[in-house]
Amino acid sequence: MKKKSTIDLYSEYVMATYTRVPLVLTRGKGARVWDDKGKSYLDFFPGWAVSGIGHCHPRVVKAVRSQAKRILHVSNNYYNEIQGELAAKIIEYSFDGKAFFCNSGAEAIEAAIKLSRKYGAPSSRYEIITMLKSFHGRTLAAIAATGQDKVKKGFDPIPEGFKHIPFNDIEAFKSALTDKTIAVMLEPIQGEGGINVADKEYIKALRDICDKRDMLLIFDEVQTGMGRTGEVFCFKHYGIEPDVITLAKSLGGGLPIGAMVAGGKFADVLTSGTHASTFGGSPVVCASALAVFEAIEKDGLIENTREMGVYLKAELQGLASKHNVITGIKGMGLMLGVVLSVDGAGIYDRCLKKGLLINCTQEKILRIMPPITVTKKEIDEAVSILDGVLNAL
Ligand code: PLP
């Protein structure tokens, strides 16, 4: 009997919850991936930011191999050396506090919501303010937190206790506060929402109000974390410390890991028996995440992100001055958005055919997030492909 193709197997046996491009990827190295026919693509949106230091980074592969030979899984009723080391490393780059490990961004968000509610319980506070156009994941609590109706459709009743307000609008925040409010949660740069960068003054005002009202300031750094914006964590750009950060995506260098990190008095709110995740912080994924930190530290990836971020932005601005369909470039570091006056789906498709993988969000924003290991040569190649596509429009 003829072997079924991968795409046929998916049609028959995999739930169609994703809009998939008919591309079977079989290999990756750095900023490049290859399909099953051997065609190569420059990946400027690697795994929705998961492969943040590029595909199959040698440090990650080495660490995973070496740990896999020792022990694959240690349950959380014992200790594993690697989880402790990773927690210490995350704390070194964030703030005095403690980490809870899980497997995804949504799970990290769930943990942050539970921590907030537990902290608020004695004062009967449970409401969390989040932003319109935010994205926090696909579990029930995460879609409740997400400020986009499209993710909630068909899933009533949606968990209560969330209020959505316009991003960067401090008056809207003040008006939304009640005696039930316990936290505010936001992405410092909205990713799915279209690369919207939080204003410094706004963040400072949120910090101030949270301090005065004994509320938590939660930064969802699932997309912005691990060097992407030119700091290991994006909150560093703002001169404040949040109380909680959520991490996932590029933390694991390609392997599934999430973390919720809480500082100061919030670090010990979740106590024994209040929260858990069977696979959370298992040795192989923690070894992989430690290798990501090692790459950031030893290979100068923060410096590279800053330098290449400036270069890529300038090159995209160059395209904007040539092509009227581009109305602006926004973002920070290597998390950039090209704002279009037309629907971006066609541009995305044409780039794909020419061997460049990017993303289009909110219909008119091309999201460009190459690995933070990216080189000038790779940027030149990507910009030249995009230029050609825009010329042919
Ligand atoms: N938070 C942000 C900012 C995200 O961008 C995402 C995913 O895109 C999530 C949370 C959810 O992460 P996951 O898909 O790993 O559950």
Side-chain angles (χ1 to χ4, degrees), residues 15 17-20 45-52 99-116 128-148 150-152 155 159 162 164 167-168 183-198 203 217-229 233-235 237 242 244-261 277 279-282 285 288-289 292 331-337 357-362 365 367-369:
M15 286 190 198
T17 61
Y18 302 92
T19 310
R20 291 182 204 271
F45 196 64
W48 293 72
V50 165
S51 304
F100 170 82
F101 290 105
C102 48
N103 313 286
S104 67
E107 238 193 297
I109 293 293
E110 292 274 344
I113 293 168
K114 279 182 72 177
L115 187 154
S116 305
I128 299 177
I129 297 176
T130 68
M131 304 297 143
L132 288 168
K133 289 198 176 172
S134 60
F135 185 81
H136 299 294
R138 296 288 191 155
T139 59
L140 266 180
I143 61 171
T146 292
Q148 301 192 56
K150 65 180 184 191
V151 304
K152 306 182 202 216
F155 298 111
F162 297 91
H164 311 304
F167 193 57
N168 273 335
V184 55
M185 177 163 76
L186 75 163
E187 301 150 83
I189 303 176
Q190 292 187 326
E192 303 299 309
I195 313 289
N196 307 315
V197 182
I203 295 296
L217 176 60
I218 305 170
F219 267 32
D220 180 349
E221 292 238 24
V222 164
Q223 218 169 112
T224 53
M226 303 308 287
R228 167 75 36 210
T229 66
F233 298 122
C234 186
F235 77 79
H237 292 289
V244 169
I245 54 173
T246 54
L247 307 173
K249 293 205 188 271
S250 57
L251 174 61
L255 263 56
I257 184 170
M260 186 272 291
V261 188
S277 179
F279 286 109
S282 84
V285 293
S288 178
V292 176
M332 206 189 264
L334 286 169
M335 183 166 182
L336 296 175
L357 305 182
I358 53 171
N359 170 260
C360 177
T361 189
Q362 303 289 323
I365 314 282
R367 197 164 22 156
I368 304 200
M369 294 172 58

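Whatever order the structure lists them in is the order used to number ligands and atoms, beginning at 1. Being a predicted model, the structure only gives us computed values, none of them experimental.
- Of the protein's heavy atoms, none falls inside 4.0 Å of atom 14 (O) of ligand 1.
- From the protein, the heavy atom lying nearest to atom 12 (O) of ligand 1 is G105 CA, 3.3 Å.
- Given atom 16 (O) of ligand 1, the protein heavy atom at minimum distance is A106 N, 2.8 Å.
- Each of the atoms 15 (O), 16 (O) of ligand 1 lies under 4.0 Å from some heavy atom of S104.
- The protein heavy-atom contact nearest to atom 5 (O) of ligand 1 is Q223 NE2, 2.7 Å.
- Side-chain N or O atoms of R138 include none that pairs as donor or acceptor with a backbone N or O of I143 at under 3.5 Å.
- A donor-acceptor distance shorter than 3.5 angstrom exists from the side chain of T146 to the backbone of H136, with no hydrogens or angles considered.
- Among protein heavy atoms, atom 1 (N) of ligand 1 sits closest to D220 OD2, 2.7 Å.
- Only the side chain of E187 comes within contact range of ligand 1, with a heavy atom under 4.0 Å; no backbone atom does.
- The main-chain N or O of K133 is never found under 3.5 Å from a side-chain atom of E192 such that the two would form a donor-acceptor pair.
- Considering every non-hydrogen atom in both F45 and M369, the closest pair reads CE1-SD, 3.7 Å.
- Not a single donor-acceptor pair under 3.5 Å links the side chain of K249 to the backbone N or O of G105.
- Residue-ligand proximity: W48 is placed with every non-hydrogen atom at 4.0 Å or more from ligand 1.
- Only the side chain of K249 comes within contact range of ligand 1, with a heavy atom under 4.0 Å; no backbone atom does.
- Side-chain atoms of E187 come within 3.5 Å of backbone N or O of F135 as a donor-acceptor pair.
- Within the 3.5 Å criterion, the main-chain N or O of G252 finds a donor-acceptor partner in the side chain of S288.
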